[in-house]
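All residue numbers refer to positions in the sequence shown, counting from 1. Order of listing sets the numbers, starting from 1, for every ligand and every atom in it.
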Amino acid sequence: MNQETLQKLVENISMEYFDRSFKHKAAFNTRLKTTGGRYFLHSHELDFNPLVLEKFGLEVFIGVIKHELCHYHLHIAGRGHQHKDPEFKELLQKVNGLRFVPSLREKQKTAQLWKYQCLNCQLVFHRKRKFNTEKYVCSKCKGKLELKGRI
Ligand SMILES: [Zn+2]
Ligand SMILES: [Zn+2]
């Protein structure tokens, strides 16, 4: 995706989800490290991290665009545009924007865990390694375990 396509994409999302036009500049910024995007209060410009698109794909990237557009439109309308503001949270939810960008750090500090739950006593626990739930039982009540997914 080039600069021009990005500008068009942001303009289109703005019209489609916010029903308002985006009249400023949207640009890729390779200097952004861990953030997915940034909104500049003074120039009203938006910066986006190309790594988000590269690593997580278009769907996540669009979620970031919506997030930044929430800042943009609320700020321009003179309403609560910060993360803590109820108006921000509300709008973000309405347009289905991303609250947080998935981690962009190369080395993940925390390993992903598997979540298990006992079907009998409802005990929830996590393990680094996936195991066969047919072979193990709940340590507390010996009940049957169920894999609930990754966290
Ligand atoms: Zn934000
Ligand atoms: Zn149990």
Q | Test side-chain contact (heavy atoms from CB on, under 4.5 Å) applied to A27 - qualifying residues, sequence neighbours left out | A |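 A27 satisfies side-chain contact (heavy atoms from CB on, under 4.5 Å) with Q3, K25, D47 once adjacent residues are dropped.
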Check whether any side-chain heavy atom of [X] sits under 4.5 Å from a side-chain heavy atom of [Y], and report yes or no.
X    : Y    : value
C118 : K144 : no
H67  : H83  : yes
L98  : V60  : yes

**Q.** Salt bridge present between E68 and K66 (N-O < 4.0 angstrom)
**A.**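 Salt bridge absent between E68 and K66.
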**Q.** Axial cation check for W114 ring with R129, 6.0 Å and 45° limits
**A.**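 The answer is no, since R129 fails at least one limit relative to W114.
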Q: Show all protein N/O/S atoms under 2.8 Å from the Zn ion (ligand 1), or state that there are none.
A: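 Correct list: H67 NE2, H71 NE2, H83 NE2.
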Q | Within-2.8 Å protein N/O/S contacts of the Zn ion (ligand 2) | A |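 Per the 2.8 Å query on the Zn ion (ligand 2), atoms found are C118 SG, C121 SG, C138 SG, C141 SG.
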Q: Please work out whether the ring planes of F125 and Y116 are parallel, tilted or perpendicular, with thresholds of 30° and 60°.
A: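 F125 vs Y116 ring planes: parallel.
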(Q) Using the ring-ring contact (aromatic ring centres under 6.0 Å, His included) definition, which of the options H24, H73, H81 pairs with H44? (A)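 When H24, H73, H81 are each tested with H44, the ring-ring contact (aromatic ring centres under 6.0 Å, His included) holds only for H24.
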Q) Got a sec, which pairs hit salt bridge (charged side-chain N to carboxylate O under 4.0 Å, His left out) with one end in residues 73-87, sequence neighbours left out? A)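 Listed once each, the pairs are R79-E87.
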